[in-house]
S.K.: 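Structure below; questions to follow.
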Amino acid sequence: MSQKPLNIVILGLSITSSWGNGHATTFRGLVRELRNRGHHILFLERDVPWYASNRDLPNPEYCQTELYQSLEDLQARFTEQVRAADFVLVGSYVPEGVAVGEWAIQTAQGVTGFYDIDTPVTLAKLAREDYEYLHPRLIPRYDMYLSFTGGPTLEKLEKEFGSPMARPLYCSFDPELYFPEPQEEKVWDLGYLGTYSDDRQPPLEKLMLDAARAWPLGSFVVAGPQYPETVQWPENCEYIHHLPPAEHRKFYNQQRFTQNITRADMIKAGYSPSVRLFEAAACGTPIISDYWDGLDELFEFNKEILVSYSAEDTLGFLKDLPEEERLAMGELARQKVLAHHTAAHRAQELESYIYEVLSSASSILSQEKEVELGS
């Protein structure tokens, strides 16, 4: 079938506020690039107080954004738009997500999809019978399940949960925001950017902070909120409590290497890159990462990324890798993410998935008509 501009409705956690969530920046990049490809997008967001007081993009120029007060308000004001859409996408962590999903599936006459920006967390919740924003009965009813996690998880979604079509739609980065900036002198040998979590702290201690303690002459930095006062920072490790997104590019460019640490659920699932991985690579900053299945499908080990299993490994990279190799590694990783992991790539992937379903539906209709004519 010929590809036409699409009328898309997205019901997501937030696009207007990036406060305390990673959804807004994901949706902003995706929606902007969908618009650049000629599509029309209506973004529907639940109006909640914690985002209302922290809206850093109240009116995105690349889509129509509407706030709704309740499920009843959503149904009263936007039923016609959902019914008329070519594609309706419901995101993870949408308030009353199960009821919203039920309504969207029943109302939509076009293609429907669920976009899981939190797949390992979602599957863990389903295993506990915690149906905060998704119920197992909805998974087979969505035409597609789009996931921040790829690999075996996609097969699980199809075989165990009955999704007719599970596809990866990884996080991405904006090349206009993340790029190399020449620095007179690097401020830190190794840095880490991430909010505190109980499951990330042990590997952070093992791979980075123990390395700092073993190398007093080195310079280290950790940036992110919610670290408890009980954390004992090495004397040569600076701690930055809050680093606004606008300062992330400069932060990466001031490091010789950057540390990547992955949540336990993401490691267990594998194939779950974080946006920090792509943003750091886009700045040309070489990455020292923990290991998880699927990482080598994104970056080539020892050529585009370094994998550490101990403080000794980390120190070896920091102290022994020749400068020429360090720079080359950063550049190769940058070229990799520019070729595969921008928001424009994600928009193109999503578009292809939608057309795949539309084409399949069109083919089935044609076959049914042929049967009718034949009879």
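Reckoned from all heavy atoms, side chains included, excluding hydrogens, waters and symmetry mates. Along the sequence shown, the residues carry numbers beginning at 1.
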S.K.: Between Lys336 and Glu300, is there a salt bridge with N-O shorter than 4.0 Å?
M.R.: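 Looking at Glu300 and Lys336, the cut-off is not met.
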S.K.: Residues two or more places apart in sequence or in another chain: which of them pass salt bridge (Lys or Arg N to Asp or Glu O under 4.0 Å) with Arg35?
M.R.: none
S.K.: Kindly write out the residues that satisfy salt bridge (Lys or Arg N to Asp or Glu O under 4.0 Å) with Glu323, not counting sequence neighbours, or none if the list is empty.
M.R.: Arg326
S.K.: Can Asp189 and Lys319 be counted as an ion pair, charged N to O under 4.0 angstrom?
M.R.: no
S.K.: Going by side-chain hydrogen bond (donor to acceptor under 3.5 Å, both in side chains), name the pairs with one or both residues in residues 129-151, residues two or more places apart or in two chains.
M.R.: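 Pairs touching residues 129-151 that pass the test: Glu102-Arg137, Glu102-Arg141, Thr112-Asp143, Asp116-Tyr145, Thr119-Ser147, Thr122-Tyr133, Lys125-Asp130, Lys125-Glu132, His135-Arg137, Thr149-Ser272.
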S.K.: Without hydrogens or angle criteria, can the side chains of Glu33 and His345 be said to hold a donor-acceptor pair below 3.5 Å?
M.R.: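 Per modelled atom types, Glu33 and His345 side chains form no pair under 3.5 Å.
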S.K.: If we count only N and O atoms by modelled type, under 3.5 Å, do the side chains of Glu66 and Gln64 hold a donor and an acceptor together?
M.R.: yes
S.K.: Under 30°, 30 to 60°, or over 60°: which ring-plane class applies to Phe251 and Trp188, parallel, tilted or perpendicular?
M.R.: tilted
S.K.: I'd like to know if the side chain of Ser17 reaches the main chain of Asn54, judged simply by a donor and an acceptor atom lying under 3.5 Å from each other, with no hydrogens or angles considered.
M.R.: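 It does hold such a pair.
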S.K.: Taking atom types as modelled, find out whether Gln183 and Asn253 have a side-chain donor-acceptor pair closer than 3.5 angstrom.
M.R.: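 No, no side-chain donor-acceptor contact under 3.5 Å.
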S.K.: So which pairs with a foot in residues 240-250 pass side-chain hydrogen bond (donor to acceptor under 3.5 Å, both in side chains), sequence neighbours left out?
M.R.: Glu181-Arg249
S.K.: Walk me through whether Arg200 and Glu205 qualify under salt bridge (Lys or Arg N to Asp or Glu O under 4.0 Å).
M.R.: CA-CA 9 Å; Arg200 269 197 302 231; Glu205 292 276 351; over 6 Å; no
S.K.: Dump the intermediate steps for salt bridge (Lys or Arg N to Asp or Glu O under 4.0 Å) on Arg213 and Glu235, then the final yes or no.
M.R.: CA-CA 8 Å; Arg213 296 181 182 104; Glu235 290 186 6; over 6 Å; no
S.K.: For Thr16, is there any backbone N or O sitting under 3.5 Å from a side-chain donor or acceptor partner on Arg28?
M.R.: yes
S.K.: Apply side-chain contact (heavy atoms from CB on, under 4.5 Å) to residues Asn260 and Ile305 and explain how you reach the verdict.
M.R.: CA-CA 10 Å; Asn260 181 62; Ile305 197 168; 6.0 Å; no
S.K.: Tell me every residue that passes salt bridge (Lys or Arg N to Asp or Glu O under 4.0 Å) with Glu176, counting only those two or more places apart in sequence or in another chain.
M.R.: none
S.K.: Do we see a donor-acceptor contact under 3.5 Å between the side chains of Thr314 and Ser308?
M.R.: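 Present: a donor and an acceptor within the cut-off.
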S.K.: Does any donor atom in the side chain of Glu45 or Tyr68 lie under 3.5 Å from an acceptor atom in the other side chain?
M.R.: no
S.K.: Rest of the hydrophobic cluster containing Leu318 (Ile/Leu/Val/Met/Phe/Trp/Tyr, side-chain heavy atoms under 4.5 Å)?
M.R.: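 Under the 4.5 Å side-chain rule, Leu318 groups with Leu190, Tyr192, Tyr196, Leu204, Leu207, Met208, Leu209, Trp215, Leu217, Phe220, Val222, Tyr227, Val231, Trp233, Tyr239, Phe257, Ile261, Ile288, Leu306, Leu315, Phe317, Leu321, Met329.
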